[in-house]
Amino acid sequence: MSRFKSDFLRTLDERGFIHQVSDETGLDELFSKEIVTGYIGFDPTAPSLHAGSLIQIMMLHWMQKTGHRPISLMGGGTGMVGDPSFKDEARQLMTIDTIEDNIASIKRVFSNYLAYGEGPRQALMINNADWLRNLNYLEFLRDVGRHFSVNRMLSFESVKTRLDREQSLSFLEFNYMILQAYDFVELAKRTGCRLQMGGSDQWGNIVNGIDLGHRMGTQQLFALTSPLLTTSSGAKMGKSATGAIWLNPDMLSAYDFWQYWRNTEDADVPRFLKLYTTLPMDEIARLSALGGSEINEVKKILATEVTAMLHGRPAAEQAAETARKTFEEGGLSDNLPSVEVPTADLEAGIGLLSLIVRAGLAGSNGEARRHVQGGAVRINDQAVSDERLTIGTGEITGDGVIKLSLGKKKHILVRPA
């Protein structure tokens, strides 16, 4: 039995989303008796979010699914400062143009998870630049800054981590938590927002907002955080050996996204089914009970369900079929990721290491060399061991491509252009 009576908190609880709640009973009562507005902030530090943000996006999804109103807050204002939480060093500052471009790019993903509109349960997309960029500094210090205790701010884990390492924490970054707290108060005033959610590293920042709201006369505000996720082997969610698992399709194909989830470690499968899919809990329990070779079929279901939410069901099923043809039939699918190489380059011959790097299977010649020496590289399904090998038009198959493989699961089609 769940300790919650509201659909939203009960759903989050049974699926493993809850780490801390500021007032469980009060928030549960609120969700039981009215439509609640809640938000999560997303900083536009790149043109796309990555899979590490999916747990937050899914929390907003379930909020709307259980009859409430989620807000995806874009950090167009706070992005100019940069969140210092648990970072080893200051973020590189971005120009306003870069921030705006990143926000425009990031926004495209959210409509796959949330229904936006004007209705009481329709999601809102809001940019905190609307109120932060035009602040009068002296008025802000007088009206907002006076409510903050530096002693208390120094006690936050995210700040202490930096100071304990004797790493500089700039005044600019120190202000970030004040701005985030002020966001909560602004959203409470503008939209009636009562809840801020985020990862567990945001707890101090969110509680700051609750405290500021109390001092500035808002209704009672609430905090809810999710656990910071790593895989069973300790790897950070959203990262792979070859880089970030981006959510935008122009930065990572549906096939590569599917593969990331297909390669989930066995121990993580039940947890990921709960967090990243909308499959019913009884179906998840049935799938989680399967063992042996059947776990691989469950991983395919996980990969297809997660990919379907982001890229659509047809793209997810096509990715699954591409993988089946490639791995189970040993065939060659046109839907495999590809890289175009000028025909002239192939006629002249390209060094194997350079081709591996150009195809995105390694970040440097040194890394490519280690892959070759480790026996992980194949050309047209034939193992290659000579790192000085030159690849040219002679390797083009009857299908008009060269199949470059790294290990059993990474394949790139080299296409003459």
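Because the structure is a prediction, the values reported are computed rather than measured. Heads up: numbering here begins at 1 and tracks the sequence.
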Is it true that Lys299 and Asp266 have a side-chain N and a carboxylate O under 4.0 angstrom from each other? yes
Between Tyr182 and Asn208, a side-chain donor and acceptor under 3.5 Å: no
Short N-O contact, Arg369 and Glu387, less than 4.0 angstrom: yes
Verify whether one side chain among Thr307 and Trp261 offers a donor that lies under 3.5 Å from an acceptor in the other. no
Taking atom types as modelled, is there a side-chain donor on Asp7 or Thr66 under 3.5 Å from an acceptor on the other? no
Checking side-chain contact (heavy atoms from CB on, under 4.5 Å) against Met237, which of Leu228, Leu275, Thr230, Leu229 comes through? Leu229
Residues which pass salt bridge (charged side-chain N to carboxylate O under 4.0 Å, His left out) with Arg108, listed by chain and number, not counting sequence neighbours: Asp250
Met63: which of Arg69, Met58, Met197 passes side-chain contact (heavy atoms from CB on, under 4.5 Å): Met197
Verify salt bridge (charged side-chain N to carboxylate O under 4.0 Å, His left out) between Glu305 and Arg313, making sure each step is shown before the conclusion. CA-CA 8 Å; Glu305 290 301 313; Arg313 182 71 55 183; 2.9 Å; yes
Assess the side chains of Gln180 and Gln196: does a donor N or O sit below 3.5 Å from an acceptor N or O? yes
Is there a donor-acceptor pair closer than 3.5 Å between any side-chain N or O of Gln64 and the backbone N or O of Arg121? yes
Any pair with a residue in residues 127-142 that passes salt bridge (Lys or Arg N to Asp or Glu O under 4.0 Å), sequence neighbours left out, goes on the list, sorted by first then second residue, please. Glu100-Arg133
